[in-house]
Amino acid sequence: MKSFKLIPLLAIILCTFTGSALAKEKAEEAWKKLVRSPRSLKRPAFQFVENDSKLPNVLVYGDSISIAYTGATREALKGKANVYRLYCNGGDSSSFITKMKNMHTKMQDKKIKDHWDFDWDVIHFNVGLHDLKYMKNRKLDRVNGKQAISPEDYEKNLNSIIAYLKELAPKAKLIFVTTTPVPEGEAGRIAGDAARYNQIALKILKNHPEIGVNDLYGFTKPHHKEWWTKPGNVHFNTKGATAQGKESARIIEQELKKRD
């Protein structure tokens, strides 16, 4: 009879142990479900970040330009900060708040073990390159396409983004990243529009002197011939992305030292 009494007890112990083991995987699994794309999950930028509670927490928000330089930023800040990034391409300014809310709702869910229960110390963010593009039938077309987000709507969206970030992370240092240059001959964008949209952003930031600026536009423009992947393409080669990542890390570290 004693052996039969032991069975329920062993079952409880086994279930508790198994449940605990599974719970440890849930935060990482939640992240993987957010990223979804098998291709993205293989990229360094989208790797799950194990939080070190002794380090400050940095969030990088941006499009494919930031995806390319996140690895270099993370490496440069290794041992100095936990560097997270958005789970996907940031896209245009109209999707910023929705994507941020989606990420935080999923990763701050108290039902998962090791959920995000920390505060952001720095939020390093950019929107612009997807705002100024022209599209027709879901293809880049600067001649016949329609602009994704007009300058007027970009201004409205950026004001909303800033208000949202201040509510989300009132103690965080916000750093706006200027949009990198658009080259002549780009399929769906007009050369000079990046500077135009940056001017709108910088005008808004005059009303928010507490927000820092990482001028990747100015940093990148003198090197476009050596950094762009090819003529007429907005993306950058490994040398350019690495330089942008290190520069971003330098700006972020400056702000972290001020907070210390």
Side-chain angles (χ1 to χ4, degrees), residues 31-32 34-50 55 57-92 99 122-133 139-140 142 175-195 197-198 212-256:
W31 176 256
K32 289 179 178 179
L34 268 175
V35 178
R36 289 193 302 177
S37 165
R39 182 181 177 185
S40 293
L41 285 168
K42 293 178 181 179
R43 301 185 69 175
F46 295 108
Q47 295 305 298
F48 178 72
V49 176
E50 292 282 356
L55 299 178
N57 300 295
V58 175
L59 176 64
V60 174
Y61 187 110
D63 53 36
S64 58
I65 306 302
S66 76
I67 291 172
Y69 69 65
T70 292
T73 301
R74 191 172 280 156
E75 182 62 27
L77 292 174
K78 189 174 182 179
K80 300 175 182 178
N82 300 307
V83 180
Y84 296 79
R85 71 152 288 109
L86 184 69
Y87 62 94
C88 61
N89 187 311
D92 65 55
K99 288 174 178 173
V122 172
I123 299 179
H124 178 272
F125 69 105
N126 164 264
V127 284
L129 205 55
H130 282 261
D131 293 83
L132 54 82
K133 68 183 179 183
K139 291 184 179 181
L140 293 170
R142 74 175 183 276
I175 302 175
F176 179 78
V177 187
T178 55
T179 299
T180 48
V182 173
E184 294 286 350
E186 211 278 341
R189 297 173 176 90
I190 297 173
D193 271 359
Y197 276 61
N198 284 334
V213 175
N214 176 8
D215 185 17
L216 277 194
Y217 175 91
F219 177 77
T220 300
K221 194 168 176 58
H223 304 280
H224 67 272
K225 290 183 179 179
E226 57 178 312
W227 286 359
W228 275 326
T229 54
K230 59 183 178 180
N233 193 296
V234 295
H235 297 99
F236 302 96
N237 57 30
T238 301
K239 183 178 180 180
T242 300
Q244 291 168 340
K246 288 181 177 179
E247 175 65 5
S248 297
R250 185 185 70 81
I251 299 294
I252 291 168
E253 188 173 5
Q254 279 184 349
E255 295 301 338
L256 290 174

Subject >> Heavy-atom side-chain proximity of Phe125 to Leu59 below 4.5 angstrom >> reply: no
Subject >> salt bridge (Lys or Arg N to Asp or Glu O under 4.0 Å) against Lys239, all qualifying residues, sequence neighbours excluded >> reply: Glu226
Subject >> Chi angles and distances behind the side chain to side chain contact (heavy atoms under 4.5 Å, CB included) call for Val213, Thr178 >> reply: CA-CA 7 Å; Val213 175; Thr178 55; 4.2 Å; yes
**OP:** Could you tell me which residues satisfy side-chain hydrogen bond (donor to acceptor under 3.5 Å, both in side chains) with Asn126, sequence neighbours excluded, listed by chain and number?
**Re:** Thr179
Original post:
So which heavy atom on Val60 is nearest to which on Ser66, and how close?
Top reply: CG1-CB, 4.2 Å
Subject >> Pairing residues for Phe219 by the ring-ring contact (aromatic ring centres under 6.0 Å, His included) criterion, not counting sequence neighbours >> reply: Trp227
Subject >> With sequence neighbours excluded, residues passing side chain to side chain contact (heavy atoms under 4.5 Å, CB included) with Ala72 >> reply: Thr242
Subject >> All side chain to side chain contact (heavy atoms under 4.5 Å, CB included) counterparts of Asp131, not counting sequence neighbours >> reply: Asp92, Ser93, Val127, Ile149, Tyr154, Tyr197
Which atom pairs, one a donor and one an acceptor, fall under 3.5 Å between side chains of residues 245-253 and the rest of the protein, sequence neighbours left out?
from: Glu247; atom 1: OE1; to: Arg250; atom 2: NE; distance (Å): 3.0
from: Glu247; atom 1: OE2; to: Arg250; atom 2: NH2; distance (Å): 2.9
from: Ser248; atom 1: OG; to: Asn214; atom 2: ND2; distance (Å): 3.1
from: Ser248; atom 1: OG; to: Gln244; atom 2: O; distance (Å): 2.9
from: Glu253; atom 1: OE1; to: Lys80; atom 2: NZ; distance (Å): 3.4
from: Glu253; atom 1: OE2; to: Lys80; atom 2: NZ; distance (Å): 3.1

Original post:
Do side-chain atoms of Thr220 reach the backbone of Tyr217 as a donor and acceptor pair under 3.5 angstrom?
Top reply: no
Subject >> Residues in salt bridge (Lys or Arg N to Asp or Glu O under 4.0 Å) contact with Arg189, at least two apart in sequence or another chain >> reply: Glu186
Original post:
Got a second to check how far Asn89's CG is from Ser40's OG, nearest 0.5 Å?
Top reply: 9.0 Å
**OP:** Tell me, please, which residues at least two apart from Asn237 pass side-chain hydrogen bond (donor to acceptor under 3.5 Å, both in side chains).
**Re:** none
**OP:** With the side chain counted from C-beta on, respond yes when Thr73 and His124 share a heavy-atom pair under 4.5 Å apart, and no when they do not.
**Re:** no
Subject >> Heavy-atom pair of closest approach, residues Cys88 and Lys99 >> reply: SG-CD, 3.9 Å
Subject >> Any residue meeting salt bridge (Lys or Arg N to Asp or Glu O under 4.0 Å) with Asp193, in chain and number order, not counting sequence neighbours >> reply: Arg196
**OP:** Identify, with sequence neighbours excluded, every residue that meets side chain to side chain contact (heavy atoms under 4.5 Å, CB included) alongside Gln47.
**Re:** none
Original post:
Minimum heavy-atom separation for Leu86 to Trp31, with atom names?
Top reply: C-CH2, 4.2 Å
Original post:
What heavy-atom pair brings Leu34 and Tyr87 nearest, and what distance separates the two atoms?
Top reply: O-CD1, 3.3 Å
Original post:
Any side-chain heavy atom of Thr180 sitting closer than 4.5 Å to one from Val234?
Top reply: no
Subject >> Closest heavy-atom pair and its distance - Leu41, Arg36 >> reply: CD1-O, 4.2 Å
Original post:
Are the side chain of Arg43 and the backbone of Ala68 linked by a donor-acceptor contact shorter than 3.5 Å?
Top reply: no
**OP:** Measure across Ala194 and Pro181 and return the closest heavy-atom pair with its distance rounded to 0.1 Å.
**Re:** CB-CA, 4.2 Å
**OP:** Enter the distance from Phe46:CZ to Ile67:CD1 here, rounded to the nearest 0.5 Å.
**Re:** 3.5 Å
Original post:
How long is the span from the CZ atom in Arg74 to the OH atom in Tyr84, to the nearest 0.5 Å?
Top reply: 9.5 Å
**OP:** Sequence neighbours left out, what pairs pass ring pair (Phe, Tyr, Trp, His ring centres under 6.0 Å) with at least one residue falling in residues 58-82?
**Re:** Tyr61-Phe96
**OP:** Go through the structure and list residues passing side chain to side chain contact (heavy atoms under 4.5 Å, CB included) with Leu55, not counting sequence neighbours.
**Re:** Asp52, Asn82
Subject >> Straight-line distance of His224 NE2 to Phe236 CZ, nearest 0.5 Å >> reply: 10.0 Å
